[in-house]
Amino acid sequence: MVLNAGAGVANSAAFVLAVGDKEYCSNGLGSGFLSSQGVARVETKMRPQEKIRALVMCRDVDRRIWVYDLQGNRKSYKGAKLDPARDFQVFWSDFYGDDLEEWPRGASKVKMDI
């Protein structure tokens, strides 16, 4: 579950989720807009593992990209050329130091709570 706990709309909202060291999934959250207090539920058929890592990415109204991990750490990035859904590898490497391109990609579905 992804909750926008902030006061503003999260634009271009997306996530990437990895289980173990073998599989990951990523997707945009609905149409990419997550209202304040809005919730998105992510479903995947990836098998649960002890090691779970995830990032949620979005833009604010000033077009700055914000990236959050499961521990509440966050980083911001300037640059209109980066896209949260498409460029998640950049953010992943920054947070975790490894590369997901070597791993198989799993399927995921997103359901928006309105």
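Worth knowing before you read on, the calculation uses all heavy atoms, side chains too, and leaves out hydrogens, waters and symmetry mates.
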Among all residues two or more places apart in sequence or in another chain, which pass the salt bridge (Lys or Arg N to Asp or Glu O under 4.0 Å) test with R105? none

Salt bridge (Lys or Arg N to Asp or Glu O under 4.0 Å) pairs touching residues 69-98, sequence neighbours excluded, are R53-D98

Y24 OH to Q89 CD distance, which is reported to the nearest 0.5 Å: 6.0 Å

Run the salt bridge (Lys or Arg N to Asp or Glu O under 4.0 Å) test against K51 and tell me which residues pass, sequence neighbours left out. D21

Using 0.5 Å steps for rounding, measure from the CG atom of D60 to the OG atom of S12. 10.5 Å

Y68: which residues meet the ring pair (Phe, Tyr, Trp, His ring centres under 6.0 Å) condition with it, sequence neighbours left out? none

Are any non-hydrogen side-chain atoms of L100 and F88 less than 4.5 angstrom apart? yes

Which distance, rounded to the nearest 0.5 Å, do you find between the OG of S26 and the CH2 of W92? 10.0 Å

Shortest non-hydrogen contact from A13 to C58? CA-CB, 4.0 Å

Here's a test for you: under side-chain contact (heavy atoms from CB on, under 4.5 Å), which of V2, N11, V39 qualifies with L34? V2

All heavy atoms of L29 vs all of A40, minimum pair found to be CD2-CB, 3.9 Å

What's the spacing between K45 NZ and E43 CD if we round to 0.5 Å? 9.5 Å

Residue pair N27 / S108, side-chain donor-acceptor N/O under 3.5 Å: yes

So do K22 and P104 actually touch side chain to side chain, heavy atoms under 4.5 Å? no

I want to check something: taking the side chain as every heavy atom from C-beta on, are V56 and V67 in contact at a cut-off of under 4.5 Å? no

My understanding is that a hydrophobic cluster links ILVMFWY residues whose side chain heavy atoms are under 4.5 Å apart, including indirect links. Using that, what else belongs to the cluster containing F33? V9

Sorted by chain and residue number, the ring pair (Phe, Tyr, Trp, His ring centres under 6.0 Å) partners of F15 (sequence neighbours excluded) come out as none

